[in-house]
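In what follows, a structure is listed as C-alpha coordinates, so that the remarks can point back to it.
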Protein chains: 2
Amino acid sequence: MRQDEPVAPSRQPSRPAPRRPRGRPSNPLLTVDGITAAAVRLLEERGQDGLTMAALARRLDVAPSALYNHVADKQDVLRAVQDHVNAGIDCSAFGVLPWDEALAAWARSYRDAYARHPALVPVMAVTPVRSAPHTVAMYERVSAGLTAAGWPGHLVTNVVVAVESFVLGSALDTQAPEDIFDPGDLAAAAPAFDAANRARPGGDTALAAFEVGLQALLTGLRVLRAPGSVPGEERRTP
Amino acid sequence: MRQDEPVAPSRQPSRPAPRRPRGRPSNPLLTVDGITAAAVRLLEERGQDGLTMAALARRLDVAPSALYNHVADKQDVLRAVQDHVNAGIDCSAFGVLPWDEALAAWARSYRDAYARHPALVPVMAVTPVRSAPHTVAMYERVSAGLTAAGWPGHLVTNVVVAVESFVLGSALDTQAPEDIFDPGDLAAAAPAFDAANRARPGGDTALAAFEVGLQALLTGLRVLRAPGSVPGEERRTP
DNA sequence: ACCTGAACACCGTTCAAGT
DNA sequence: ACCTGAACACCGTTCAAGT
(Lines give C-alpha, C1' and ligand atoms only; values in the text may rest on other atoms or scores of the structure.)
Protein backbone atom coordinates (compact mmCIF):
# COMPACT_ATOMS: atom_id res chain seq x y z
CA MET A 1 0.00 0.00 0.00
CA ARG A 2 1.76 3.05 -1.29
CA GLN A 3 0.91 6.49 -0.04
CA ASP A 4 1.63 8.84 -2.87
CA GLU A 5 -1.08 11.42 -2.41
CA PRO A 6 0.10 12.92 0.91
CA VAL A 7 -3.46 13.40 2.29
CA ALA A 8 -2.86 17.16 2.08
CA PRO A 9 -0.96 19.22 4.66
CA SER A 10 -4.32 20.92 4.38
CA ARG A 11 -5.12 24.49 5.21
CA GLN A 12 -8.76 23.77 4.58
CA PRO A 13 -9.30 20.31 6.03
CA SER A 14 -12.18 19.24 3.77
CA ARG A 15 -11.85 21.15 0.51
CA PRO A 16 -10.56 19.18 -2.50
CA ALA A 17 -7.46 21.32 -3.21
CA PRO A 18 -6.09 24.73 -2.21
CA ARG A 19 -5.74 25.76 -5.85
CA ARG A 20 -3.42 28.60 -6.59
CA PRO A 21 -4.38 31.38 -9.01
CA ARG A 22 -3.26 30.89 -12.57
CA GLY A 23 -0.92 33.86 -12.89
CA ARG A 24 2.51 34.82 -11.59
CA PRO A 25 2.79 34.68 -7.80
CA SER A 26 3.69 37.91 -5.97
CA ASN A 27 6.98 36.39 -4.90
CA PRO A 28 8.63 33.32 -6.46
CA LEU A 29 7.71 29.88 -5.15
CA LEU A 30 10.89 28.24 -6.40
CA THR A 31 14.65 28.74 -6.22
CA VAL A 32 17.46 26.68 -7.71
CA ASP A 33 18.67 25.79 -4.22
CA GLY A 34 15.23 24.67 -3.18
CA ILE A 35 14.86 22.52 -6.27
CA THR A 36 18.30 21.02 -5.66
CA ALA A 37 17.55 20.20 -2.02
CA ALA A 38 14.25 18.55 -2.93
CA ALA A 39 15.97 16.55 -5.67
CA VAL A 40 18.61 15.29 -3.24
CA ARG A 41 15.97 14.13 -0.76
CA LEU A 42 13.97 12.46 -3.51
CA LEU A 43 17.05 10.64 -4.76
CA GLU A 44 17.93 9.47 -1.27
CA GLU A 45 14.43 8.35 -0.37
CA ARG A 46 13.33 6.75 -3.60
CA GLY A 47 16.50 6.06 -5.55
CA GLN A 48 17.43 6.72 -9.10
CA ASP A 49 14.02 6.14 -10.68
CA GLY A 50 12.30 8.15 -7.99
CA LEU A 51 13.69 11.41 -9.28
CA THR A 52 11.25 12.51 -11.96
CA MET A 53 10.32 16.05 -12.85
CA ALA A 54 6.73 15.29 -11.85
CA ALA A 55 7.73 13.93 -8.43
CA LEU A 56 10.05 16.88 -7.90
CA ALA A 57 7.27 19.31 -8.72
CA ARG A 58 4.86 17.56 -6.38
CA ARG A 59 7.40 17.77 -3.56
CA LEU A 60 7.62 21.50 -4.15
CA ASP A 61 3.84 21.82 -4.51
CA VAL A 62 4.08 23.22 -7.99
CA ALA A 63 3.20 22.24 -11.55
CA PRO A 64 5.99 20.34 -13.37
CA SER A 65 6.32 23.04 -15.99
CA ALA A 66 7.14 25.61 -13.29
CA LEU A 67 10.52 23.95 -12.80
CA TYR A 68 11.58 25.02 -16.27
CA ASN A 69 11.61 28.66 -15.20
CA HIS A 70 14.62 27.83 -13.00
CA VAL A 71 16.45 24.92 -14.59
CA ALA A 72 17.10 24.13 -18.23
CA ASP A 73 16.19 20.45 -18.05
CA LYS A 74 16.53 17.36 -15.91
CA GLN A 75 20.25 17.08 -16.66
CA ASP A 76 20.62 20.52 -15.16
CA VAL A 77 18.99 19.32 -11.96
CA LEU A 78 21.41 16.39 -11.83
CA ARG A 79 24.36 18.76 -12.27
CA ALA A 80 23.20 20.85 -9.33
CA VAL A 81 22.69 17.74 -7.19
CA GLN A 82 26.15 16.54 -8.11
CA ASP A 83 27.79 19.76 -6.96
CA HIS A 84 25.81 19.52 -3.72
CA VAL A 85 27.03 15.97 -3.14
CA ASN A 86 30.62 16.95 -3.93
CA ALA A 87 30.39 19.65 -1.29
CA GLY A 88 30.04 16.84 1.23
CA ILE A 89 33.24 15.04 0.25
CA ASP A 90 35.97 15.45 2.83
CA CYS A 91 39.30 16.62 1.39
CA SER A 92 40.41 18.42 4.53
CA ALA A 93 43.39 16.10 5.05
CA PHE A 94 45.37 17.59 2.15
CA GLY A 95 48.08 19.82 3.53
CA VAL A 96 47.61 18.31 6.98
CA LEU A 97 48.45 14.63 6.61
CA PRO A 98 51.07 13.22 4.18
CA TRP A 99 49.79 13.21 0.61
CA ASP A 100 49.16 9.48 0.45
CA GLU A 101 47.12 9.43 3.64
CA ALA A 102 45.20 12.47 2.50
CA LEU A 103 44.50 10.77 -0.84
CA ALA A 104 43.24 7.68 0.97
CA ALA A 105 40.93 9.72 3.22
CA TRP A 106 39.59 11.64 0.23
CA ALA A 107 39.00 8.44 -1.73
CA ARG A 108 37.06 6.86 1.15
CA SER A 109 34.87 9.90 1.66
CA TYR A 110 34.33 10.20 -2.11
CA ARG A 111 33.29 6.57 -2.42
CA ASP A 112 30.91 6.86 0.52
CA ALA A 113 29.22 9.88 -1.03
CA TYR A 114 28.62 8.19 -4.37
CA ALA A 115 27.66 4.89 -2.82
CA ARG A 116 24.74 6.88 -1.42
CA HIS A 117 24.02 8.31 -4.89
CA PRO A 118 24.99 5.71 -7.50
CA ALA A 119 22.77 7.38 -10.09
CA LEU A 120 25.20 10.29 -10.06
CA VAL A 121 28.23 8.20 -10.99
CA PRO A 122 27.73 8.51 -14.76
CA VAL A 123 26.89 12.19 -14.25
CA MET A 124 30.08 12.83 -12.30
CA ALA A 125 32.21 11.06 -14.88
CA VAL A 126 30.97 13.20 -17.69
CA THR A 127 29.83 16.61 -16.43
CA PRO A 128 32.08 19.67 -16.93
CA VAL A 129 33.11 21.34 -13.66
CA ARG A 130 32.53 24.93 -14.78
CA SER A 131 29.70 26.49 -12.80
CA ALA A 132 30.04 23.76 -10.16
CA PRO A 133 31.83 25.72 -7.43
CA HIS A 134 32.05 23.02 -4.77
CA THR A 135 33.39 20.56 -7.29
CA VAL A 136 36.09 22.97 -8.41
CA ALA A 137 36.93 23.70 -4.77
CA MET A 138 37.41 19.99 -4.14
CA TYR A 139 39.74 19.57 -7.11
CA GLU A 140 41.65 22.66 -6.06
CA ARG A 141 42.31 21.25 -2.62
CA VAL A 142 43.43 17.90 -4.03
CA SER A 143 45.58 19.39 -6.78
CA ALA A 144 47.24 21.81 -4.36
CA GLY A 145 47.93 18.99 -1.92
CA LEU A 146 49.58 16.76 -4.51
CA THR A 147 51.57 19.60 -6.02
CA ALA A 148 52.84 20.72 -2.61
CA ALA A 149 53.85 17.14 -1.89
CA GLY A 150 56.20 17.18 -4.83
CA TRP A 151 54.16 15.57 -7.59
CA PRO A 152 55.27 16.82 -10.99
CA GLY A 153 52.67 19.00 -12.68
CA HIS A 154 52.23 16.79 -15.71
CA LEU A 155 51.13 13.89 -13.50
CA VAL A 156 48.81 15.59 -11.00
CA THR A 157 45.58 15.49 -13.00
CA ASN A 158 46.23 11.99 -14.28
CA VAL A 159 46.70 10.76 -10.72
CA VAL A 160 43.50 12.49 -9.63
CA VAL A 161 41.55 10.98 -12.53
CA ALA A 162 42.99 7.52 -11.91
CA VAL A 163 41.98 7.57 -8.26
CA GLU A 164 38.61 8.98 -9.20
CA SER A 165 37.97 6.24 -11.74
CA PHE A 166 38.73 3.63 -9.11
CA VAL A 167 36.49 5.41 -6.60
CA LEU A 168 33.52 5.72 -8.96
CA GLY A 169 33.83 2.12 -10.09
CA SER A 170 33.96 1.06 -6.45
CA ALA A 171 30.90 3.17 -5.67
CA LEU A 172 28.98 1.27 -8.36
CA ASP A 173 30.24 -2.04 -6.96
CA THR A 174 28.60 -1.06 -3.71
CA GLN A 175 25.24 -1.57 -5.40
CA ALA A 176 25.95 -5.14 -6.47
CA PRO A 177 23.74 -7.79 -4.92
CA GLU A 178 25.43 -10.18 -2.49
CA ASP A 179 25.10 -13.12 -4.83
CA ILE A 180 26.38 -11.35 -7.94
CA PHE A 181 29.14 -13.95 -8.34
CA ASP A 182 26.99 -16.98 -7.65
CA PRO A 183 27.57 -19.05 -10.81
CA GLY A 184 24.39 -21.11 -10.37
CA ASP A 185 24.29 -23.98 -12.85
CA LEU A 186 27.62 -22.86 -14.28
CA ALA A 187 29.60 -23.65 -11.11
CA ALA A 188 30.86 -26.96 -12.47
CA ALA A 189 32.17 -25.23 -15.58
CA ALA A 190 34.03 -22.64 -13.49
CA PRO A 191 35.84 -24.44 -10.67
CA ALA A 192 38.55 -21.83 -10.00
CA PHE A 193 36.03 -19.00 -9.99
CA ASP A 194 33.75 -20.93 -7.70
CA ALA A 195 36.60 -21.80 -5.33
CA ALA A 196 37.75 -18.18 -5.20
CA ASN A 197 34.26 -17.05 -4.30
CA ARG A 198 33.98 -19.62 -1.54
CA ALA A 199 37.35 -18.57 -0.15
CA ARG A 200 36.35 -14.90 -0.16
CA PRO A 201 35.70 -13.71 3.39
CA GLY A 202 32.14 -12.60 4.17
CA GLY A 203 31.05 -9.27 5.58
CA ASP A 204 31.24 -6.08 3.54
CA THR A 205 32.81 -7.58 0.44
CA ALA A 206 32.60 -4.35 -1.57
CA LEU A 207 34.54 -2.57 1.15
CA ALA A 208 37.16 -5.32 1.27
CA ALA A 209 37.75 -5.10 -2.48
CA PHE A 210 37.91 -1.33 -2.29
CA GLU A 211 40.52 -1.42 0.46
CA VAL A 212 42.65 -3.96 -1.39
CA GLY A 213 42.58 -1.79 -4.48
CA LEU A 214 43.17 1.42 -2.57
CA GLN A 215 46.22 0.03 -0.80
CA ALA A 216 47.62 -1.29 -4.06
CA LEU A 217 46.99 1.98 -5.83
CA LEU A 218 48.66 4.00 -3.07
CA THR A 219 51.66 1.70 -2.93
CA GLY A 220 52.08 2.05 -6.67
CA LEU A 221 51.68 5.81 -6.55
CA ARG A 222 54.38 6.10 -3.88
CA VAL A 223 56.75 4.29 -6.23
CA LEU A 224 55.72 6.47 -9.13
CA ARG A 225 56.35 9.68 -7.24
CA ALA A 226 59.66 8.72 -5.68
CA PRO A 227 61.38 5.98 -7.67
CA GLY A 228 63.95 4.23 -5.54
CA SER A 229 62.23 4.95 -2.25
CA VAL A 230 60.30 1.74 -2.61
CA PRO A 231 61.89 -1.66 -3.26
CA GLY A 232 60.63 -3.67 -6.19
CA GLU A 233 60.85 -1.41 -9.16
CA GLU A 234 63.03 -3.87 -10.97
CA ARG A 235 59.78 -5.83 -11.46
CA ARG A 236 59.82 -9.43 -12.49
CA THR A 237 60.74 -11.95 -9.81
CA PRO A 238 60.07 -15.57 -10.76
CA MET B 1 17.53 15.13 -41.94
CA ARG B 2 16.90 11.92 -40.06
CA GLN B 3 15.92 8.76 -41.86
CA ASP B 4 13.91 6.73 -39.42
CA GLU B 5 11.44 5.02 -41.68
CA PRO B 6 13.80 2.76 -43.66
CA VAL B 7 11.99 3.26 -46.99
CA ALA B 8 10.91 -0.37 -46.82
CA PRO B 9 13.02 -3.37 -47.93
CA SER B 10 9.82 -3.74 -49.91
CA ARG B 11 8.42 -6.90 -51.37
CA GLN B 12 5.66 -4.88 -53.02
CA PRO B 13 7.38 -1.70 -54.15
CA SER B 14 4.36 0.63 -54.08
CA ARG B 15 1.93 -0.72 -51.46
CA PRO B 16 1.75 1.13 -48.12
CA ALA B 17 2.88 -1.78 -45.90
CA PRO B 18 3.43 -5.53 -46.27
CA ARG B 19 1.15 -6.23 -43.26
CA ARG B 20 1.53 -9.57 -41.60
CA PRO B 21 -1.54 -11.60 -40.58
CA ARG B 22 -2.65 -11.10 -37.00
CA GLY B 23 -2.06 -14.60 -35.71
CA ARG B 24 0.90 -16.74 -34.83
CA PRO B 25 3.42 -17.14 -37.67
CA SER B 26 4.11 -20.65 -38.95
CA ASN B 27 7.67 -20.42 -37.66
CA PRO B 28 8.96 -17.89 -35.09
CA LEU B 29 10.18 -14.52 -36.33
CA LEU B 30 12.29 -13.86 -33.26
CA THR B 31 15.00 -15.56 -31.23
CA VAL B 32 16.85 -14.36 -28.15
CA ASP B 33 20.12 -14.29 -30.10
CA GLY B 34 18.57 -12.24 -32.86
CA ILE B 35 17.14 -9.77 -30.38
CA THR B 36 20.53 -9.51 -28.67
CA ALA B 37 22.40 -8.91 -31.91
CA ALA B 38 19.96 -6.20 -32.97
CA ALA B 39 20.24 -4.56 -29.54
CA VAL B 40 24.04 -4.49 -29.78
CA ARG B 41 23.93 -2.84 -33.19
CA LEU B 42 21.37 -0.32 -32.02
CA LEU B 43 23.48 0.54 -28.97
CA GLU B 44 26.58 0.98 -31.09
CA GLU B 45 24.91 3.05 -33.77
CA ARG B 46 22.67 5.27 -31.68
CA GLY B 47 24.07 5.12 -28.18
CA GLN B 48 22.41 4.57 -24.87
CA ASP B 49 19.15 6.39 -25.55
CA GLY B 50 18.83 4.76 -28.95
CA LEU B 51 18.06 1.39 -27.46
CA THR B 52 14.31 1.42 -26.89
CA MET B 53 11.96 -1.50 -27.14
CA ALA B 54 10.16 0.25 -29.99
CA ALA B 55 13.38 0.84 -31.96
CA LEU B 56 14.44 -2.74 -31.32
CA ALA B 57 11.11 -4.05 -32.58
CA ARG B 58 11.31 -1.87 -35.69
CA ARG B 59 14.78 -3.23 -36.45
CA LEU B 60 13.39 -6.71 -36.25
CA ASP B 61 10.29 -5.76 -38.25
CA VAL B 62 7.95 -6.78 -35.50
CA ALA B 63 5.51 -5.17 -33.07
CA PRO B 64 7.09 -4.10 -29.76
CA SER B 65 4.89 -6.45 -27.77
CA ALA B 66 6.28 -9.42 -29.72
CA LEU B 67 9.60 -9.00 -27.92
CA TYR B 68 7.97 -9.97 -24.63
CA ASN B 69 7.46 -13.51 -25.88
CA HIS B 70 11.26 -13.95 -25.75
CA VAL B 71 12.60 -11.61 -23.06
CA ALA B 72 11.17 -10.69 -19.70
CA ASP B 73 11.79 -6.96 -19.98
CA LYS B 74 14.31 -4.38 -21.14
CA GLN B 75 16.68 -5.23 -18.29
CA ASP B 76 16.73 -8.76 -19.65
CA VAL B 77 17.84 -7.45 -23.04
CA LEU B 78 20.64 -5.49 -21.37
CA ARG B 79 21.78 -8.61 -19.54
CA ALA B 80 22.03 -10.52 -22.79
CA VAL B 81 23.91 -7.67 -24.46
CA GLN B 82 26.31 -7.54 -21.53
CA ASP B 83 27.17 -11.22 -21.82
CA HIS B 84 27.72 -10.72 -25.54
CA VAL B 85 30.10 -7.83 -24.88
CA ASN B 86 31.96 -9.80 -22.23
CA ALA B 87 32.52 -12.57 -24.76
CA GLY B 88 34.67 -10.08 -26.66
CA ILE B 89 37.01 -9.31 -23.76
CA ASP B 90 40.43 -10.87 -24.23
CA CYS B 91 41.65 -12.84 -21.24
CA SER B 92 43.77 -15.24 -23.26
CA ALA B 93 47.01 -14.08 -21.63
CA PHE B 94 46.27 -15.79 -18.32
CA GLY B 95 48.37 -18.91 -18.04
CA VAL B 96 50.57 -17.71 -20.90
CA LEU B 97 52.15 -14.48 -19.69
CA PRO B 98 53.08 -13.71 -16.06
CA TRP B 99 50.00 -12.90 -13.98
CA ASP B 100 50.65 -9.15 -13.82
CA GLU B 101 51.06 -8.83 -17.57
CA ALA B 102 47.97 -10.94 -18.14
CA LEU B 103 46.03 -8.77 -15.72
CA ALA B 104 47.15 -5.65 -17.58
CA ALA B 105 46.15 -7.09 -20.96
CA TRP B 106 42.76 -8.12 -19.59
CA ALA B 107 42.18 -4.70 -18.04
CA ARG B 108 42.98 -2.93 -21.30
CA SER B 109 40.69 -5.14 -23.34
CA TYR B 110 37.96 -4.85 -20.72
CA ARG B 111 38.17 -1.05 -20.69
CA ASP B 112 38.08 -0.90 -24.48
CA ALA B 113 34.95 -3.03 -24.60
CA TYR B 114 33.05 -0.89 -22.11
CA ALA B 115 34.32 2.37 -23.56
CA ARG B 116 32.36 1.27 -26.63
CA HIS B 117 29.31 0.53 -24.45
CA PRO B 118 29.30 2.95 -21.52
CA ALA B 119 25.59 2.38 -20.97
CA LEU B 120 26.45 -1.14 -19.86
CA VAL B 121 28.80 -0.04 -17.08
CA PRO B 122 26.08 0.26 -14.43
CA VAL B 123 24.59 -2.99 -15.74
CA MET B 124 27.89 -4.85 -15.44
CA ALA B 125 28.49 -3.57 -11.93
CA VAL B 126 25.20 -4.88 -10.66
CA THR B 127 24.06 -7.87 -12.73
CA PRO B 128 24.42 -11.41 -11.33
CA VAL B 129 26.60 -13.67 -13.48
CA ARG B 130 24.37 -16.74 -13.35
CA SER B 131 22.96 -17.54 -16.78
CA ALA B 132 25.66 -15.35 -18.39
CA PRO B 133 27.98 -18.07 -19.68
CA HIS B 134 30.59 -15.90 -21.37
CA THR B 135 30.85 -13.73 -18.30
CA VAL B 136 31.41 -16.73 -16.08
CA ALA B 137 33.98 -18.09 -18.53
CA MET B 138 35.88 -14.82 -18.33
CA TYR B 139 35.95 -14.85 -14.54
CA GLU B 140 37.01 -18.48 -14.58
CA ARG B 141 40.02 -17.74 -16.75
CA VAL B 142 41.05 -14.77 -14.60
CA SER B 143 40.52 -16.57 -11.28
CA ALA B 144 42.41 -19.62 -12.48
CA GLY B 145 45.28 -17.46 -13.69
CA LEU B 146 45.66 -15.60 -10.42
CA THR B 147 45.32 -18.75 -8.35
CA ALA B 148 47.93 -20.56 -10.42
CA ALA B 149 50.25 -17.60 -9.99
CA GLY B 150 50.21 -18.06 -6.25
CA TRP B 151 47.58 -15.60 -5.11
CA PRO B 152 45.96 -16.76 -1.87
CA GLY B 153 42.33 -17.80 -2.32
CA HIS B 154 40.92 -15.24 0.07
CA LEU B 155 42.35 -12.41 -2.04
CA VAL B 156 41.59 -13.55 -5.59
CA THR B 157 38.05 -12.21 -5.92
CA ASN B 158 38.88 -8.99 -4.13
CA VAL B 159 41.76 -8.37 -6.54
CA VAL B 160 39.49 -9.09 -9.51
CA VAL B 161 36.81 -6.73 -8.20
CA ALA B 162 39.35 -4.00 -7.45
CA VAL B 163 40.77 -4.12 -10.97
CA GLU B 164 37.27 -4.29 -12.39
CA SER B 165 36.16 -1.21 -10.45
CA PHE B 166 39.11 0.71 -11.81
CA VAL B 167 38.40 -0.52 -15.32
CA LEU B 168 34.71 0.39 -15.26
CA GLY B 169 35.40 3.81 -13.78
CA SER B 170 38.02 4.36 -16.48
CA ALA B 171 35.55 3.27 -19.16
CA LEU B 172 33.15 5.96 -17.96
CA ASP B 173 35.96 8.51 -17.95
CA THR B 174 36.40 7.76 -21.62
CA GLN B 175 33.06 9.50 -22.23
CA ALA B 176 34.08 12.75 -20.55
CA PRO B 177 34.24 15.78 -22.84
CA GLU B 178 37.69 17.22 -23.49
CA ASP B 179 36.99 20.36 -21.50
CA ILE B 180 35.53 18.61 -18.46
CA PHE B 181 38.14 20.24 -16.19
CA ASP B 182 37.94 23.70 -17.72
CA PRO B 183 37.14 25.80 -14.63
CA GLY B 184 35.71 28.70 -16.66
CA ASP B 185 35.06 31.70 -14.42
CA LEU B 186 36.31 29.75 -11.42
CA ALA B 187 39.91 29.52 -12.66
CA ALA B 188 41.08 32.39 -10.47
CA ALA B 189 39.64 30.68 -7.40
CA ALA B 190 41.42 27.41 -8.23
CA PRO B 191 45.02 28.21 -9.20
CA ALA B 192 46.58 24.83 -8.40
CA PHE B 193 43.82 22.96 -10.22
CA ASP B 194 44.13 25.27 -13.19
CA ALA B 195 47.92 24.93 -13.28
CA ALA B 196 47.70 21.14 -13.10
CA ASN B 197 45.29 21.09 -16.03
CA ARG B 198 47.54 23.30 -18.08
CA ALA B 199 50.52 21.09 -17.30
CA ARG B 200 48.63 17.94 -18.30
CA PRO B 201 49.88 16.62 -21.64
CA GLY B 202 47.39 16.64 -24.50
CA GLY B 203 46.37 13.69 -26.63
CA ASP B 204 44.25 10.87 -25.26
CA THR B 205 44.03 12.11 -21.68
CA ALA B 206 41.66 9.36 -20.57
CA LEU B 207 44.15 6.77 -21.78
CA ALA B 208 47.01 8.51 -20.00
CA ALA B 209 45.14 8.53 -16.69
CA PHE B 210 44.17 4.89 -17.17
CA GLU B 211 47.76 3.85 -17.80
CA VAL B 212 49.03 5.77 -14.75
CA GLY B 213 46.43 4.09 -12.58
CA LEU B 214 46.98 0.67 -14.11
CA GLN B 215 50.74 0.80 -13.56
CA ALA B 216 50.24 1.97 -9.97
CA LEU B 217 47.67 -0.74 -9.30
CA LEU B 218 49.91 -3.46 -10.72
CA THR B 219 52.95 -2.27 -8.79
CA GLY B 220 50.90 -2.31 -5.60
CA LEU B 221 49.49 -5.75 -6.35
CA ARG B 222 52.98 -7.17 -6.89
CA VAL B 223 53.89 -5.95 -3.42
CA LEU B 224 50.70 -7.37 -1.95
CA ARG B 225 51.26 -10.80 -3.45
CA ALA B 226 54.94 -11.14 -2.61
CA PRO B 227 55.90 -8.89 0.32
CA GLY B 228 59.65 -8.33 0.38
CA SER B 229 60.12 -8.85 -3.33
CA VAL B 230 59.51 -5.17 -3.87
CA PRO B 231 61.32 -2.41 -2.02
CA GLY B 232 59.25 0.19 -0.21
CA GLU B 233 56.93 -1.70 2.04
CA GLU B 234 58.27 0.14 5.04
CA ARG B 235 56.19 3.03 3.66
CA ARG B 236 56.70 6.55 4.92
CA THR B 237 59.77 8.38 3.69
CA PRO B 238 59.82 12.08 4.55
C1' DA C 1 3.35 -20.85 -28.81
C1' DC C 2 3.91 -16.45 -30.88
C1' DC C 3 2.31 -12.73 -33.33
C1' DT C 4 -0.73 -7.90 -33.81
C1' DG C 5 -2.95 -3.86 -32.26
C1' DA C 6 -5.10 -1.30 -28.73
C1' DA C 7 -4.56 0.37 -24.33
C1' DC C 8 -2.39 1.97 -19.86
C1' DA C 9 0.26 4.62 -16.89
C1' DC C 10 3.80 6.95 -17.16
C1' DC C 11 7.95 10.09 -19.01
C1' DG C 12 10.41 15.05 -20.13
C1' DT C 13 9.38 19.20 -22.29
C1' DT C 14 6.88 23.12 -24.70
C1' DC C 15 3.78 26.76 -24.84
C1' DA C 16 -0.28 29.81 -24.63
C1' DA C 17 -2.72 32.14 -21.19
C1' DG C 18 -2.80 34.44 -16.97
C1' DT C 19 -1.11 37.98 -13.41
C1' DA D 1 9.22 37.22 -14.49
C1' DC D 2 6.95 33.14 -12.98
C1' DC D 3 3.14 30.43 -12.41
C1' DT D 4 -0.94 26.90 -14.36
C1' DG D 5 -2.97 23.67 -17.39
C1' DA D 6 -3.27 21.56 -21.75
C1' DA D 7 -0.78 19.32 -25.11
C1' DC D 8 2.96 16.61 -27.56
C1' DA D 9 5.82 12.95 -28.63
C1' DC D 10 7.53 9.63 -26.57
C1' DC D 11 8.46 5.54 -22.96
C1' DG D 12 8.02 0.22 -21.17
C1' DT D 13 4.65 -3.11 -20.51
C1' DT D 14 0.11 -5.72 -20.51
C1' DC D 15 -3.43 -8.13 -22.65
C1' DA D 16 -7.29 -9.71 -25.56
C1' DA D 17 -7.78 -11.47 -30.02
C1' DG D 18 -6.07 -14.05 -33.68
C1' DT D 19 -3.85 -18.31 -35.92
Side-chain angles (χ1 to χ4, degrees), chain A residues 1-5 15-36 38-39 42-43 46-81 119 122-123, chain B residues 2-5 11 15-36 38-39 42-43 46-81 119 122-123:
Chain A
M1 175 122 311
R2 285 280 288 275
Q3 177 88 16
D4 266 80
E5 294 292 327
R15 281 304 171 85
R19 279 276 167 270
R20 239 192 310 275
R22 293 196 90 240
R24 178 193 180 202
S26 45
N27 43 11
L29 299 171
L30 296 176
T31 63
V32 173
D33 285 351
I35 293 171
T36 305
L42 215 42
L43 215 46
R46 309 209 198 170
Q48 173 155 203
D49 297 343
L51 178 56
T52 69
M53 296 303 269
L56 191 50
R58 182 141 29 104
R59 258 292 166 73
L60 295 160
D61 197 25
V62 117
S65 54
L67 297 167
Y68 292 87
N69 290 302
H70 302 267
V71 299
D73 49 25
K74 189 181 180 180
Q75 190 64 27
D76 204 23
V77 175
L78 288 173
R79 271 195 291 270
V81 171
V123 178
Chain B
R2 286 279 290 272
Q3 177 86 15
D4 267 80
E5 293 292 327
R11 312 171 181 208
R15 280 306 170 82
R19 280 276 168 272
R20 239 191 310 273
R22 293 197 88 242
R24 177 192 183 205
S26 46
N27 44 9
L29 299 171
L30 296 175
T31 63
V32 172
D33 284 351
I35 292 171
T36 304
L42 216 41
L43 214 47
R46 310 210 196 170
Q48 171 156 206
D49 297 343
L51 178 55
T52 68
M53 296 303 271
L56 191 51
R58 181 142 29 103
R59 259 290 167 74
L60 295 160
D61 196 27
V62 117
S65 53
L67 297 168
Y68 293 87
N69 289 302
H70 302 268
V71 299
D73 50 25
K74 189 180 181 182
Q75 190 62 28
D76 204 23
V77 175
L78 287 173
R79 271 194 291 270
V81 171
V123 177

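A:V123 is not listed as a side-chain neighbour of A:V81, based on a closest heavy-atom distance of 4.5 Å or more. Contact of the B:L51 side chain with the B:L78 side chain is registered, since non-hydrogen atoms from C-beta on lie closer than 4.5 Å. Inter-residue side-chain proximity for B:V77 and B:L56 is flagged as met; some heavy-atom pair is nearer than 4.5 Å.
Within 4.0 Å (heavy atoms only), B:T52 reaches sugar-phosphate atoms of the nucleic acid but no base atom.
Regarding A:R58, its CZ atom lies at a distance of 19 Å from the C1' atom of D:dC3, rounded to whole Å. Summarising the geometry, the separation between CG on B:N69 and P on C:dT4 is reported as 9 Å, rounded to the nearest angstrom. In this entry the distance linking CG of B:L51 with P of D:dC11 reads 11 Å, nearest Å. As rounded to whole Å, 13 Å separates atom P of D:dG12 from atom CG of A:D49. Going from atom CD of B:Q75 over to atom C1' of D:dT13 covers 15 Å, rounded to whole Å. Distance A:Y68 OH to C:dA17 P: 22 Å, rounded to the nearest Å. Rounded to whole angstrom, the span from the CE atom of B:M53 across to the P atom of D:dC15 amounts to 15 Å. A straight line from CG of A:L30 to C1' of D:dC3 spans 9 Å, rounded to a whole angstrom.
Nucleotide D:dC2 is matched to C:dG18 when pairs are restricted to Watson-Crick or G-U wobble geometry with both distances under 3.5 angstrom. D:dG12: Watson-Crick or G-U partner is C:dC8, with both key distances under 3.5 Å.
Between B:R24 and B:S65, the residue anchored closer to the 5' end of DNA chain C is B:R24, taking for each the nucleotide with the nearest heavy atom. Map B:G23 and B:P64 each onto its nearest nucleotide of DNA chain D; the residue landing nearer the 5' end is B:P64.
Of the candidate nucleotides C:dC2, D:dT13, C:dC11, C:dC11 has the atom lying nearest to any side-chain atom of A:A54. Distances from the side chain of B:A63 to the nucleotides D:dC3, C:dG18, C:dG5 place C:dG5 closest.
Between the NE2 atom in B:H70 and the CD1 atom in B:I35 there is a gap of 5.5 Å [rounded to 0.5 Å]. In this structure, CZ in A:R59 is found 6.0 Å from CZ in A:R46, a value given to the nearest 0.5 Å.
For A:H70, no side-chain nitrogen or oxygen approaches OP1 or OP2 of D:dA1 to under 4.0 Å.
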